[in-house]
Amino acid sequence: MLYQVTLHLHNILRWAVLAVALWALFRAFTGWLGKGGWLPADKTASKLYPILLDVQTVFGLVLYVGISPLMQKATADIPAAMANKELRFYLVEHISAIVIALAFAHIGKVRAMRLTDSVARHKTLFFWYGASLLMVLSRIPWNRPLLPGLH
């Protein structure tokens, strides 16, 4: 039961992460090209993306280190898991990409906030958050249902 609830929350939250990432990228892109100032919506979007990505990662780690039967199977025989495409994906590729995406998001946030020029801040966020989102998109298990319960 705990596994299913956590997996469903992790699945649903991916859509929030993607939506907020796109919003943050839109704000950064339009602020950069429009040479706009740093608005309250920019501040909110730039904070919300790394926070949601962190929360999503916590749910994923709960699945990864404890309650996922798939991970229990993978860690029981790692050489066999590495030979299995699906198990290798979850054991190594999915988590590695997300750790990199987290690093990109947090590095971008810190670097941007150190800048005083709003255009440079927008540009920095656009590139770092864009790289982060590409990592996320590259390792989302797209074969899962769009929403829990839908098959």
Side-chain angles (χ1 to χ4, degrees), residues 1-33 36 38-78 80-113 121-151:
M1 166 94 166
L2 178 62
Y3 166 69
Q4 287 299 324
V5 169
T6 306
L7 183 62
H8 288 334
L9 288 172
H10 188 61
N11 190 17
I12 291 168
L13 192 54
R14 76 173 152 173
W15 299 110
V17 168
L18 292 175
V20 169
L22 291 173
W23 178 49
L25 282 171
F26 174 78
R27 298 287 320 165
F29 188 70
T30 57
W32 169 32
L33 292 185
W38 189 251
L39 302 173
D42 300 321
K43 182 177 180 180
T44 301
S46 72
K47 282 184 177 181
L48 201 53
Y49 175 58
I51 289 171
L52 273 179
L53 197 55
D54 288 341
V55 171
Q56 175 71 334
T57 301
V58 168
F59 279 106
L61 286 173
V62 168
L63 291 165
Y64 189 83
V65 298
I67 63 175
S68 170
L70 190 66
M71 291 312 304
Q72 291 169 0
K73 179 180 177 183
T75 56
D77 187 358
I78 292 177
M82 294 304 287
N84 179 300
K85 185 177 178 180
E86 181 185 21
L87 293 177
R88 183 182 63 246
F89 175 83
Y90 289 106
L91 183 64
V92 178
E93 297 170 17
H94 184 64
I95 193 166
S96 298
I98 299 310
V99 168
I100 294 167
L102 273 171
F104 286 170
H106 284 281
I107 290 168
K109 173 73 174 144
V110 169
R111 292 185 92 171
M113 292 308 108
R121 186 178 280 180
H122 285 297
K123 182 179 178 181
T124 299
L125 281 174
F126 179 76
F127 283 107
W128 283 98
Y129 283 11
S132 175
L133 180 59
L134 287 175
M135 289 305 297
V136 168
L137 290 171
S138 76
R139 290 300 172 252
I140 286 178
W142 294 106
N143 61 332
R144 297 261 169 137
L146 294 178
L147 291 171
L150 298 179
H151 297 291

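Atom set for the values below is all heavy atoms of this structure, side chains included, hydrogens, waters and symmetry mates excluded.
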For the side chain of [X] and the backbone of [Y], is there at least one donor-acceptor N/O pair under 3.5 Å apart?
{"X": "Tyr49", "Y": "Leu18", "value": "no"}
{"X": "Asn84", "Y": "Ala81", "value": "no"}
{"X": "Arg139", "Y": "His94", "value": "no"}

Inset, instruction - Please name the pair of heavy atoms, one in Ser132 and one in Ala105, separated by the smallest distance, quoted to 0.1 Å. - result: OG-CB, 3.8 Å

Inset, instruction - Work out which heavy atom in Ala45 is nearest to a heavy atom in Tyr129; give both atom names and the distance. - result: O-CE2, 4.5 Å

Inset, instruction - Flag yes if more than 12 heavy atoms outside Arg111 fall under 6.0 Å of its CZ atom; otherwise flag no. - result: no

Inset, instruction - Look at atom OH of Tyr3 and say whether more than 12 heavy atoms of other residues, nucleotides or ligands are closer to it than 6.0 Å. - result: yes

First locate atom [atom1] of [X], then atom [atom2] of [Y], and finally report the distance between them rounded to the nearest 0.5 Å.
{"X": "Thr6", "Y": "Leu13", "atom1": "OG1", "atom2": "CG", "answer": "12.0 Å"}
{"X": "Lys43", "Y": "Arg121", "atom1": "NZ", "atom2": "CZ", "answer": "9.5 Å"}
{"X": "Ile67", "Y": "Leu7", "atom1": "CD1", "atom2": "CG", "answer": "8.5 Å"}
{"X": "Thr124", "Y": "Ile107", "atom1": "OG1", "atom2": "CD1", "answer": "12.5 Å"}
{"X": "Ile98", "Y": "Ser138", "atom1": "CD1", "atom2": "OG", "answer": "7.5 Å"}
{"X": "Leu102", "Y": "Thr57", "atom1": "CG", "atom2": "OG1", "answer": "4.0 Å"}

Contact check, side chains of [X] and [Y], non-hydrogen atoms, under 4.5 Å:
{"X": "Arg14", "Y": "Val136", "answer": "no"}
{"X": "Leu33", "Y": "Phe126", "answer": "no"}
{"X": "Val17", "Y": "Val55", "answer": "no"}
{"X": "His122", "Y": "Trp38", "answer": "yes"}
{"X": "His8", "Y": "Phe59", "answer": "no"}
{"X": "Leu125", "Y": "Met113", "answer": "yes"}
{"X": "Arg27", "Y": "Thr44", "answer": "no"}

Legend entry - Distance-only polar pair, side chains of Tyr90 and Ser68, donor-acceptor under 3.5 Å: no

